[in-house]
Amino acid sequence: MGESNYGFDTLKVRAGYDPKKHNYAVSVPIYETASFELGDTDRAARLLGFSELGFIYTRVSNPTVAVLEERVATLDGAAAAVAVGSGMAAVTYSLLNVAEGGGTILTTNKLYGGTIDSFNKLFPKYGINIHRIEDSDNPEAFRAAITKDTKAIFLETISNPNAAIADIEAIVRIAHENDIPLIVDNTFATPYLLNPIKYGADIVIYSATKALGGHGNAIAGLILDSGKFNWGNGKFPQFNEKYHNLRDASGNPRSILEVFPQAPFAFRVRLNYLTYFGAALSPFDAYLILIGLETLSERVQKQVSNTEKIIKYLESNEKVGWIKHPSSKESPYKELKEKYLPKGAGSTFTFGFKGTLEEINRFIDALEIFSYQANLGDARSLIINSPKTTHGELTPKEQKLAGITPDTIRLSIGLEEAEDLISDLKQGFERAFV
Ligand SMILES: *Cc1c(COP(=O)(O)O)cnc(C)c1O
């Protein structure tokens with residue numbers, strides 16, 4: 001349908017879906033099937049030999065999931081996408097795919113708590129070192145830390161939970177000068193606020209559980225391949241490995257780069273990680289994320305606008321020690337926000353609560369609208385005490401490195417009336433200090 005000419009809001013409700021190919025169904029059908037008929041033995045041979053692309057088994061691919069993949073790939077300008085069962089599966093599969101067999105991932109301390117935990121507890125056991133840069137606001141610090149063992153730089157475009165903004169363009173230049181890709185977690189921004197591929201990022205991942213789906217009703221992840229990185233540069237031999245299941249018509253094994261040159265990273269995740277490690281997304285959950293995506297711009301716009309009003313209120317509250325969001329007065333990320341996030345820097349942020357632990361607990365317990373839970377990007381407004389929950393697994397030293405001080409409160413602003421949210425916070429502060 002000449003999709004490349006359409007704007008974002010048209011694509012978010014239409015890309016990747018042609019009703020004519022699905023019995024003219026208006027809403028994307030949920031193909032709730034584990035397996036697909038192979039037809040006849042000739043067709044089976046073509047499918048299994050990849051000379052015809054089609055559906056075989058839902059762990060590997062599924063028509064409902066495929067619409068979600070194509071829709072998000074289109075929104076982000078990616079060559080291909082792979083949907084997986086969670087944001088954590090997206091993080092893990094991407095980093096294993098790039099550093100499998102050993103190597104170092106260069107990253108920062110400003111990351112989602114689950115990602116930090118997996119870096120501490122699991123990746124080193126798979127032979128993958130994680131090198132965290134302290135001065136990650138300085139792109140040159142990445143250059144100084146790259147060694148011949150470095151396989152990728154991994155960043156959150158807007159960090160969880162303190163909303164630090166990464167200077168993607170400067171960091172991608174350094175990555176590419178060293179023949180390594182930049183992998184970014186764009187969960188907080190969503191493709192509505194930021195398109196990292198436009199700035200050179202090679203791989204983009206999402207926890208679709210958050211603002212992309214936006215309704216707190218499904219766990220899902222996505223891995224997007226820009227299709228532009230040169231995986232044949234000698235640093236990534238896994239892309240040149242010859243596989244028997246990719247053999248040509250005369251039976252010669254071929255590599256991922258030979259068979260899928262347009263999006264080798266995404267195809268390798270599907271062929272190896274989805275197929276063998278198996279964190280597949282269910283068709284029903286893919287459907288829920290597709291429905292959520294239809295209102296992505298409208299939701300994020302309102303959430304950003306509500307967030308800015310709430311930040312203004314918190315700035316006037318003497319019990320608030322600090323606010324970490326690029327729209328707060330004191331933010332060091334104003335210039336980066338102007339450049340990368342002119343439509344807003346998302347709806348999740350932290351503030352410092354000036355009070356004792358008991359007062360913090362009374363504040364949270366007193367709130368009537370804000371839900372106390374670990375999700376974010378939801379249609380509802382959410383609150384959580386990060387040091388005790390999302391980042392509770394970290395030692396005090398690790399919390400400090402991640403920028404999680406004992407007074408940290410995280411808010412994720414939803415779609416309610418901003419005035420009601422502010423009133424709720426006001427009465428919470430009053431009841432905290434009785
Ligand atoms: C929540 C989150 C994840 C993990 O996603 P799940 O869908 O919960 O597995 C990864 N990265 C960021 C930035 C997140 O906020």
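Both ligands and their constituent atoms are indexed starting at 1 by order of listing. As the structure is a prediction and not an experimental result, all values here were calculated from the model.
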At what distance is the nearest protein heavy atom to [atom], and which residue and atom is it?
atom                    : answer
atom 7 (O) of ligand 1  : Thr209 OG1, 2.6 Å
atom 6 (P) of ligand 1  : Gly87 N, 3.3 Å
atom 13 (C) of ligand 1 : Asp185 OD2, 3.3 Å
atom 9 (O) of ligand 1  : Met88 N, 2.9 Å
atom 2 (C) of ligand 1  : Lys210 NZ, 2.5 Å
atom 4 (C) of ligand 1  : Tyr112 CE2, 3.5 Å

Checklist line | Geometric N/O contact Ser207 with ligand 1, under 3.5 angstrom | finding: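 For ligand 1, there is an N or O atom that lies under 3.5 Å from one belonging to Ser207.
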Tell me whether the rings of [X] and [Y] are parallel (<30°), tilted (30 to 60°) or perpendicular (>60°).
X      : Y      : answer
Trp231 : Phe236 : perpendicular
Phe260 : Phe267 : parallel
Phe353 : Phe363 : tilted

Checklist line | Phe265 ring center within less than 6.0 Å of Phe229 ring center | finding: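 No, too far apart.
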Next item on the list: In plain terms, say whether Glu169 and Lys339 are close enough for a salt bridge, that is, a side-chain N and a carboxylate O under 4.0 Å apart.
Entry: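 Result for this pair is yes, salt bridge flagged.
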Notebook entry, point to check: Under 4.0 Å between a Lys/Arg side-chain N and an Asp/Glu carboxylate O for Lys110 and Asp137?
Noted result: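 The answer is yes: the pair qualifies as a salt bridge.
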Notebook entry, point to check: Ser86 heavy atoms, cut-off 4.0 Å: which ligand 1 atoms fall inside?
Noted result: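 In order of number, 7 (O), 9 (O).
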Margin query: At less than 4.0 angstrom from any non-hydrogen atom of Asn160, what atoms of ligand 1 do you find?
Written below: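 By the 4.0 Å cutoff, the relevant atoms are 14 (C), 15 (O).
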Checklist line | Pairwise distance CG(Leu111) to CD1(Ile116) - rounded to 0.5 angstrom | finding: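 The CD1 atom of Ile116 is 5.0 Å from CG of Leu111, to the nearest 0.5 Å.
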